[in-house]
Amino acid sequence: MFLRLATEKRLPLLSPFAAGIFTRGFSSIDRINTNLRPFPDYSPKKPGVKDVDLVRDLTTALKQRRSEPARRVLSPFGQRFRSDHLLWAFPHLRSDLPLVLSLIHWCRSRRHPIPAEALAIAAHLSVDSKHLQAARQFLREGLSHPRFVEQVIYTYKYWCSNPSVFDLLFRASVDAGRLAEARSLFFHLLTYGVIISTDSCNALLSRIPLHELLTVFTEFPESGFRWNVVSYNILIHRLCQIGKLEEARGFLRKMEDKDCVLPDVITYSTLIDGCCKSGELQEALELFSEMSIKGLKPNSFTYTSLITLSCGNNNVVEAERLFMEMLSYGVAPDAVVYTSLINGFSKKGNLFAMSRLFDEMKSSGHLPDAVTYTVLICGLCGSGKMLEANKMFVEMISKGLSPDEVTYSALIAGYCREGRMGDAFRLHNEMLHKGLLPNVVTYTTLCDGLCKQGQVEAGNELLHEMCRKGLVLNVVTFNSLINGLCKAGNIDQAVKTMIDMEAAGLCPDTYTYTTLMDAYCKSGDMDQARLLLKEMLDKGLQPNVVTFNVLMNGFCVLGMLEDGKTLLQWMLDKNIRPNATTYNTLMKQYSIDKNMKATSEIYKGMLALGIIPDENTYNILITGHCKSRNMKEACYYYNEMVSKGFNLRKSSYNALIKLLFRKKKLQEASRLFEEMRAMKLVADREIYSIFIDANYNEKNIKTILELCDEVVENCYVEEK
DNA sequence: ATAGGGTTAG
């Protein structure tokens with residue numbers, strides 16, 4: 001199996017009838033392959049007379065008393081025994097591997113070094129007895145001796161070994177990380193006609209760096225060796241990992257057309273995943289249909305890649321469709337595909353769908369693992385449900401699952417978002433206590449949390465601690481710190497930090513620029529903001545909707561509404577889809593300027609593009625219309641937003657109540673006032689006065705007292 | 001030999 005003579009390459013050189021030679025056995029092959037090296041003859045070192053006697057007595061004792069412990073049997077020989085005796089003992093024990101093993105074991109226990117030659121022979125004997133595990137161990141140990149390979153070759157013929165010993169030797173080199181050695185071993189063995197198995201060569205492929213992999217991939221077949229589908233899958237996977245999709249696809253064609261190796265589900269799934277990771281949905285779908293045409297049935301790996309991409313594109317509807325399609329094709333779902341889908345919903349904040357799928361997963365017999373729980377915890381944290389996230393954390397531990405760095409980082413991020421830095425650091429300490437090392441993400445999360453609490457200095461100190469632990473800052477860490485500095489009003493230091501970041505070999509990205517541009521915009525320095533925009537465009541960085549929103553906000557608060565509208569047009573021209581925030585920013589400024597006509601036009605433009613208004617949009621419309629005393633419009637938007645399940649902000653309630661009161665709509669005003677109080681929102685003092693007066697007129701003492709209490713409790717405390 | 005989880009900007 002393991003040995004194939006390296007003759008295939010020479011085939012074309014033979015005469016037409018030479019092919020028949022191959023059926024006639026080795027002697028014929030030897031005739032045509034005169035340049036194949038023969039295996040050398042073995043001539044062991046000669047023992048002295050006393051040595052001969054010792055070895056005979058020792059091996060006889062071992063055989064005679066084989067049921068007794070070797071230690072006891074061999075103890076009389078302890079004084080006189082040398083490592084050399086081992087070599088002379090082997091011929092006596094050649095078909096008795098258990099005794100060979102116990103003799104070697106005894107040697108080791110007496111601290112006798114085992115010579116390389118003995119290790120080579122022991123490997124041959126082990127292979128001969130089909131004891132591959134023992135052979136592997138001897139070979140692994142032997143590799144630490146110089147010229148061990150030569151020892152194995154030198155002893156090979158005499159000990160009538162099996163060619164698989166070379167395969168094991170090659171494999172041991174690979175496993176020991178001696179990759180260059182393995183590579184040259186391949187060619188060296190070739191000169192003896194030994195061919196390493198594809199499996200072992202594939203083990204080499206999966207361990208070497210990509211540039212060497214590509215060399216090996218072309219250089220091994222020069223001797224007639226052929227790669228198989230696994231080899232191609234390894235290569236394609238590595239190319240996909242670094243985003244070289246074109247080349248990966250090239251090898252898909254090459255394997256079929258040039259090498260007659262048929263791609264399998266793994267080949268296609270690997271390529272599809274590569275496309276998904278690069279966001280190339282179109283490519284992925286092409287390959288998906290191509291594999292089906294070839295009769296290859298996609299599996300849960302294939303679907304997971306596509307589902308994960310859909311979720312990442314914020315398209316959970318498509319993700320769920322794919323999941324249903326997978327089920328309808330009879331592809332069994334597993335914990336991974338469930339986890340991916342659950343993650344999609346949790347990221348959208350759809351906790352209902354998240355727990356529905358979690359239940360479905362459990363009831364269909366798929367055990368949630370640590371990743372599943374991490375996704376659930378993350379989803380709950382993202383929705384501010386820290387209590388439930390903690391419950392999930394406890395549940396996962398009670399199920400015997402171990403939270404890892406990722407789980408902890410997710411929980412820590414949840415606490416940071418709530419400003420609960422004490423809890424965040426408590427978890428950080430808990431990690432250390434459990435022997436889990438906080439990594440860059442954990443530290444970045446904590447640093448960001450500190451920055452958001454206004455403690456930039458502490459954040460910076462934490463990063464120094466992180467560096468002392470040998471961790472390296474990444475782009476996100478820098479961005480977080482830059483943001484902290486900006487929010488603390490220290491733009492100069494933020495810019496310096498960006499320069500540090502570049503000096504550290506990290507490229508500022510869209511987050512970095514957007515953060516700094518926002519700081520300049522908010523300080524009223526639109527010129528600097530524009531300069532940064534130019535710089536990022538020059539670097540080939542794409543501004544995104546957030547970048548534009550930052551600029552939009554800058555123009556709007558400075559009253560530069562015409563620039564704002566130009567910016568909106570520019571976005572549309574650049575095919576960057578504005579979102580509700582973009583429109584809200586413009587609408588807000590127009591409504592502050594009491595230009596409700598323009599506000600309404602912007603709103604219409606938003607609807608025309610199919611951009612869904614959010615809670616903010618309605619609040620802007622309501623306060624704006626109230627300020628312009630458009631009661632009808634204000635009430636219209638109030639009803640619409642309530643029907644969509646949105647809540648009014650305090651300012652919207654205040655404005656609407658005041659307007660209703662002014663228009664003598666006492667009943668409506670009062671109803672809204674009650675609604676506002678039920679929402680635990682504190683009305684303006686002016687509104688309290690209005691309702692206290694109104695109740696006074698009605699002589700409703702109880703209500704008056706209640707309202708007075710509330711005013712004292714809320715308005716007074718708030719104004720202090 | 002292939003798939004799922006955590007951090008940053010408005």
Side-chain angles (χ1 to χ4, degrees), chain A residues 199 202-203 205-206 228-238 240 264-274 276-277 298-309 311 334-344 346-347 369-379 381-382 403-414 416-417 438-449 451-452 474-484 486-487 509-519 521-522 543-554 579 581-582 584-585:
Chain A
D199 281 353
N202 286 339
L205 286 190
S206 29
N228 64 13
V229 62
V230 176
S231 329
Y232 274 97
N233 290 347
I234 294 167
L235 174 59
I236 287 173
H237 182 226
R238 296 285 281 280
C240 286
D264 62 8
V265 189
I266 298 180
T267 321
Y268 274 98
S269 297
T270 305
L271 272 164
I272 287 171
D273 187 61
C276 289
K277 294 253 160 67
N299 60 20
S300 64
F301 284 76
T302 331
Y303 275 103
T304 301
S305 298
L306 291 168
I307 287 172
T308 304
L309 176 62
C311 292
D334 55 19
V336 176
V337 70
Y338 268 112
T339 304
S340 175
L341 199 54
I342 289 173
N343 190 38
S346 88
K347 286 282 166 338
D369 60 13
V371 177
T372 318
Y373 273 101
T374 304
V375 163
L376 294 164
I377 288 168
C378 198
C381 287
D404 64 6
E405 295 83 351
V406 181
T407 322
Y408 271 101
S409 299
L411 256 183
I412 288 174
C416 287
R417 248 173 254 133
N439 58 25
V440 200
V441 178
T442 324
Y443 277 106
T444 303
T445 307
L446 285 166
C447 170
D448 191 64
C451 287
K452 296 243 159 66
N474 63 23
V475 179
V476 182
T477 324
F478 272 104
N479 287 343
S480 176
L481 187 59
I482 288 170
N483 184 46
C486 287
K487 297 298 181 289
D509 61 7
T510 305
Y511 280 84
T512 325
Y513 280 101
T514 305
T515 305
L516 283 165
M517 283 163 64
D518 186 47
C521 286
K522 287 189 172 141
N544 60 23
V545 63
V546 182
T547 320
F548 281 104
N549 288 348
V550 157
L551 288 167
M552 181 66 83
N553 183 59
N579 59 20
T581 309
T582 323
N584 290 346
T585 309

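So that the names make sense, note that chain A is the first sequence line, chain B the second, and so on, each numbered from 1.
The separation between A/Leu341 atom CG and B/dA3 atom P is 18 Å, rounded to whole Å. Note: CG (A/Leu411) to P (B/dG6) measures 13 Å, nearest angstrom. Going from atom CE of A/Met517 over to atom P of B/dT8 covers 20 Å, rounded to whole Å. Atoms CD1 (A/Ile234) and P (B/dT2) sit 8 Å apart, rounded to a whole Å. Across the protein-nucleic acid pair, A/Tyr338 atom OH and B/dG5 atom P stand 18 Å apart, rounded to whole Å. Spacing between atom CG of A/Leu516 and atom C1' of B/dT8 amounts to 12 Å, rounded to whole angstrom units. Between the CG atom of A/Asn299 and the C1' atom of B/dG4 there is a distance of 14 Å, given to the nearest Å. With rounding to whole Å, A/Glu405 atom CD is found 12 Å from B/dG5 atom C1'.
Neither side chain, A/Thr445 nor A/Asp448, offers a donor N or O lying under 3.5 Å from an acceptor on the other.
In this structure, OG1 in A/Thr374 is found 5.5 Å from CD1 in A/Ile377, a value given to the nearest 0.5 Å.
Counting non-hydrogen atoms under 4.0 angstrom, A/Thr582 reaches nothing in the nucleic acid. Residue contacts shown for A/Ser305 are limited to sugar-phosphate atoms, with no base heavy atom under 4.0 Å away. Using a 4.0 Å heavy-atom cutoff across all strands shown, A/Ser206 reaches no nucleic acid atom at all. Nucleic acid contact class of A/Asp273 (heavy atoms, under 4.0 Å, all strands): sugar-phosphate only. Backbone-only engagement by A/Thr270 is indicated by non-hydrogen atom pairs under 4.0 Å involving sugar-phosphate atoms exclusively. Backbone-only contact: A/Thr515 has heavy atoms under 4.0 Å from sugar-phosphate atoms and none from a base. Residue contacts shown for A/Thr477 are absent, as no nucleic acid heavy atom lies under 4.0 Å away. Among the heavy atoms of the strands lying under 4.0 Å from A/Val476 is at least one base atom, whether or not backbone atoms are also near. Using a 4.0 Å heavy-atom cutoff across all strands shown, A/Asn228 reaches no nucleic acid atom at all. Within the 4.0 angstrom heavy-atom criterion, base atoms lie near A/Ser300.
For A/Asp334, the side chain to side chain donor-acceptor pair (under 3.5 Å) partners are A/Ser300, not counting sequence neighbours. Contacts of A/Asp199 classified as side-chain contact (heavy atoms from CB on, under 4.5 Å), with partners at least two apart in sequence or in another chain: A/Arg171, A/Ser197.
If you check distances only, the side chain of A/Asp404 never reaches the base of B/dG6 with a donor-acceptor pair under 3.5 Å. For B/dG4, the base has no donor-acceptor partner in the side chain of A/Ser340 [N/O atoms by modelled type, under 3.5 angstrom]. Contact of A/Thr374 with B/dG4 (side chain to base): no donor-acceptor pair of N or O atoms is detected under 3.5 Å. At a cut-off of 3.5 angstrom, the base of B/dG6 holds at least one donor-acceptor pair with the side chain of A/Asn439.
A heavy-atom distance below 4.5 Å is found between the side chains of A/Lys522 and A/Asn553.
Between the side chain of A/Ser340 and the main chain of A/Val336, no donor-acceptor pair closer than 3.5 Å is present.
Considering only side-chain N and O atoms, A/Arg417 lies under 4.0 angstrom from the phosphate OP1 or OP2 of B/dT7. Side-chain N/O atoms of A/Lys347 include none lying less than 4.0 angstrom from OP1 or OP2 on B/dG4. The phosphate of B/dG4 has OP1 or OP2 within less than 4.0 Å of a side-chain N or O from A/Lys277.
Here B/dA3 is the nucleotide among B/dT7, B/dA3, B/dG5 with the atom lying nearest to any side-chain atom of A/His237.
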